[in-house]
Amino acid sequence: MIEILVTGGAGYIGSHMISSLVDAGYKVVTLDNLYSGFRDAVIAGEFVEGDLSDRHLLEQLFSEHSFAGVMHFAAHIEVGESVRNPAKYYRNNFTNAQNLLDTMVEHGVNRFIFSSTAAIFGEPSYIPIDELHQKRPINPYGRSKRMVEQLLADYDRAYGLKSIALRYFNAAGADPLARLGERHDPETHLIPLVLQAASGRREHISIFGSDYDTADGTCIRDYIHVVDLCQVHLLALQALLEGKGSNRYNLGNGQGYSVREVIDTAEKVTQRKIPVIQSERREGDPARLVADSRRVRLELGWKPRYGDLETIIAHAWKWEQKMPSK
Ligand code: UFG
C-alpha cells in the first residue's frame, strides 16, 4: 500500500483529505500538533501528535515509515494575525515547512503537495488570476507561503524534490455526509459565520464593506468545495507518482460570488432570515479574487463535482446543524 504523510490532518482541509486518501486506497499517517485541529476530525489512518519544529520526531517518523509522498496542510491561516505577529507565521509556515522538507530530502522522499494560497498574488492586476499573474503578497501570511513556493523551486533544482503547489482561493463546504466540516476557532470565514447567524449561534453577520467597486458593493470571492479541492490533491499526487515534474495550480471554480450573494444563497438554502449588519471594510481585502483554473482542468483533468454555490452552502449547513452537539 502506498503510504502518505499528511501534516495538519486534524484541520479543516487536512481532515477531508485523509478521508479522500483512505477512500482512494492510500495508507495515511497524520501529523498534527492539535494547535488548531481536532483529534476527532482524523477519522482514519494513524495519528501522531507532534510539531514540525521537532526535528527529532520528524527523523523518527521518516525512519519508521516509507512515505511515497507528503501533503502539507499544517499552517497558520489568519491574514490579520500575520500582520500583528509575523514571527509566528514565518516560524510555522516557513521555518517548520523547511524542517519537513529537509527531513524529506535526507530520507529520499521526493514528492510534496503544498497548500498554497491566493494570498501570494496580493492585489490582483487582472481577473481571473492565472498562474502567470505577478506575485506580490501584501501580508506576512501570503509572503510566508510565497517563500515556501520559492524554496520548493530551489529544492527541485538542487535535490530533485518534486512538488505541486496548490493555490487555494476560498475553500468552503463540508463532507456531504457531514462527518467533517469547518471548525476554526475563532471562525473568521464568511460561509460558516453566515450559517452560524442562520442557526442562531451568532446574532448576525457583519458585511465588511458595501462600497467596493462591484455590482452590489460587496467583495467577490471564488468559493471551491473542500471535497473538490481534495480531488485535485489526489490528481496531483497521482501525477507525481507517475513521474511528472513540479508544478503549481490556481484552484477555484472560476466564478465569483459577492458577500451579498453568499448571504442570499444561504437564506435560500436554510430557509431562514439571516440578520445582517453593514460594517467597515476589513483591512487588506481586495474587491475581487477569482481564479483562472483552466490549467488544472487541462493538465490534471480536474472537473469540479460540487461547483455551484448552493451545494457548497447546503453541505456546510448540514455540518453547522450538527455542530451544537460537538
Ligand atoms: N466577510 C464579511 N464578513 C465576515 C467575514 C468575511 O463580510 O464576517 C467577507 C470578507 O471581507 C471577504 C469575504 O467575506 O470579502 C470572504 O472572507 P473570508 O474571510 O471567508 O475569506 P478571505 O477571502 O478573506 O480569505 C481567503 C482564505 C485565506 C487567504 C485569503 C487570501 O480563507 O486563507 O483568501 O486573500 F489568505
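The structure presented is a predicted model; accordingly, all values stated were derived computationally and were not measured. Atoms within each ligand, like the ligands themselves, are counted from 1 in listed order.
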Under the ring pair (Phe, Tyr, Trp, His ring centres under 6.0 Å) test, residues paired with His16 that sit two or more places apart: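 Scan of His16 (ring pair (Phe, Tyr, Trp, His ring centres under 6.0 Å), adjacent residues dropped) gives Tyr12.
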Whether Lys318 side chain and Pro176 backbone form a donor-acceptor pair below 3.5 Å: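 Side chain of Lys318 to backbone of Pro176: a pair is present.
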Ion pair check, Arg167 and Glu149, cut-off under 4.0 Å: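 Looking at Arg167 and Glu149, the cut-off is met.
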Charged N-O contact under 4.0 Å between Lys88 and Glu81: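 Looking at Lys88 and Glu81, the cut-off is met.
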Proximal protein residues to ligand 1, non-hydrogen atoms under 4.0 angstrom: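 Lining ligand 1: Ile77, Val79, Thr117, Ala119, Tyr141, Asn170, Thr188, His189, Leu190, Leu193, Ile205, Ser206, Ile207, Phe208, Cys219, Arg221, Tyr223, Val259, Arg282, Asp285, Leu289.
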Ring centroid separation Tyr159 to Tyr155 under 6.0 Å: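 Centroid distance Tyr159-Tyr155: below 6.0 Å, so yes.
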His107 and Phe67 aromatic centres sub-6.0 Å: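 Here the rings of Phe67 and His107 have centres that are no less than 6.0 Å from each other.
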